[in-house]
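For reference, the structure is listed below as structure tokens.
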Amino acid sequence: MNKSLGTIQEMVSFTGKRKVLIVEDNQLNIDILTGILEDEYTVLTATNGEEGLKVVMAHYRELSLIFLDVYMPVLDGFEFLKALYSREDIPFIPVIVTTSSNLQADEIKCLELGALEFVVKPYNRDIVKARTKNIISLRESVATLSAVEHDPLTGYLTIQAFQHYMTNYLISHSEEKYNLVVADIIGVRNINSIYGEKVGDDVIKFVSTVFRSFADTILCARKEDKFFFLCNGAFTADENTLRRAQKVIKDSSIVPNLDIKYGIYINVDTMQSVSVLCDRALFALDQIKSEPTVDYAIYDETIHSRVLKNILLESKFAEAVEKEEFALWFQPKISLSENRVVGAEALVRWITLNGEIISPGEFIPLFETDGYIQILDEYIFKKACLFQKERIDKGLKTVPVSVNLSRNSVYISDVAERYSRIVKEIGIPSDLISLEITESAANESREVLEQVKRLSEKGFKIDMDDFGTGYSSLSSLISMEFDGVKLDKSIIDKLKTDKGKKLIEYTIVLAHDIGMHVIAEGVEKKDQVEFLKKIKCDIAQGYYFYQPKNQKDFELLLDAQ
Amino acid sequence: MTLSDVYKTLNGNYDEAKTRMMNDSFLEKMLSKFIKDDSMKKLDEELKKGNIKEAFMAAHTLKGVAANFAFTQLFTQASLRTENLRNGKLPENMDELRKEYDLTINTINQYISEKRSEVL
């Protein structure tokens, strides 16, 4: 019998008793058996095989065992067994045949049809109870093995089981239309780190309950902080349902500002594999993940073509590295007191061999989501080291070059060791290369703090990048071992106003007081430069001084100094 | 008349029945249901119509019920008819089964009416 098993939670009713079904045409026999069982079990009854099947259909999730009489009107025990064990939509439920027949032929026939045990009328109380107990515990130990079908936290299916059942469902109900919804709880990682994992779990459980009450779904699954729902038409076609669910979640959440985002794939293409369908809903979700005001996205042709383009870019990545299509560019950094180039930020440019320029805005966010950025970061870092090494070997003038370390790379557990090994192997002084880590990444967790500390211990100078964007706070300046802070272009643009001037002035005072140098980014105007000079900002970069330069031009600039 | 007397009259096994039903009061309750059980009536009707298969089922049920009440005589009688019918034959000596059944019903009825008058 290739049948799935329900979970133990489903088998134990709210009264704590397991449910058994007696299928028997004689009321007296039912009463007597019920009398034996009812202390320990909740007893359902049916007076012939047909009724029995109806009860099974309505209760199969909770039924632990069936007692079956053989000779009954309408549908007898043999036919009942045949029907019960041939139906794919009913999970396996063990059957004990109750018989007063002393004919072995009947017993053998029942066993062949899948019955597990016999009890003979007249019933012996102890034998009936013992067999019932044995069979139920045997079944449940098997069910435990298959418990991975369900997520123990929410009772939803696991994603593997979901995809398995979805495949079967779509095959057998291919004529209908279905929608696939993926709901993502935003920031569970933050919830875990702020309130603890228990609260994170509670949030997931809470959200799962809300969805259960709203969504009339065919199948639902949880995978980490995401929920998958397969539903027909009604649920997603109706925006209001989503909005109402969203409202309930926001109103009664145990943590503030709980946010859920949805990726929706309407009228799924049943010719595609289920994992492709799930991916499509996820692609839709990806489009809005970093947009705070958008709650949901629907998978459509635009997303489809963007995804295809991304896949194409990803497929080109390895080749691009191999063919050295990623080039190192330099944005010069100017000392405001000395008015000369004292360093540069290394930037990456992707120029294909046939001359096509792919903008960093296209590939950096993509590689940040798929993890390629880790490879790219290290590649650029190595190139920057090699650049320095070449100039040293040629006896030319050098200035420190800073390289961006994306948040993905910060999370690599041995990043400090890897990067310091590169510096050693290439053989350059460690003060010729420094790192920039974005503030949002820096702000994130203890993990990042640790990594920054370890990089610093390996001798790297580290600047906090993009200060003034996202969740900037002055406290993040003092919480970590940064050597410098880079003021983002958006904060430099605030120099237009008096308040903006004060903000920058005091930030610089604070940074200097705690021993950090300050670099202004995106400096484009003369009055910005003059003000920054006045308030003793150390370094500036931006179009006012130089645009990013390719290696050849940057070297010309250095040589001319 | 006690429950034990009922079983003595019927040549049944009181202890076995009592164990199965846990106690006298449940056994009593079941006995009052037994007199309403229609297996015997069904058996007679189906035999009259000549429906061997249906008659078999009724006899089989009666056999099972008798067994559960530990009415040994009735069980033996019902078993014999059941086997006849199972082999597609009309049962022999149906009167013996009827006689035993009537005795059983009458004895239980007597017990119940005595019990009722005690209460009154």
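Every chain is numbered from 1 and lettered A, B, ... according to where its sequence line falls, protein lines coming before strand lines.
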Working note: A/D25 + A/Y71, criterion side-chain hydrogen bond (donor to acceptor under 3.5 Å, both in side chains); need CA distance, chi angles, decisive distance, verdict. CA-CA 8 Å; A/D25 63 329; A/Y71 298 105; over 6 Å; no

Would you call B/D95 and B/R98 a salt bridge, using N to O less than 4.0 angstrom? yes

Between the side chains of B/E28 and B/K115, is the shortest nitrogen-to-carboxylate-oxygen separation below 4.0 Å, so that they form an ion pair? yes

Select one option (side chain, backbone, both, neither) describing which atoms of [X] are under 4.5 Å from chain A's heavy atoms.
X: B/F34; value: both
X: B/S39; value: side chain
X: B/E16; value: side chain

When the 4.5 angstrom heavy-atom criterion is applied to A/D76 and chain B, the contacting part is neither

Between B/H60 and B/F56, how do the two ring planes meet: parallel, tilted or perpendicular, split at 30° and 60°? tilted

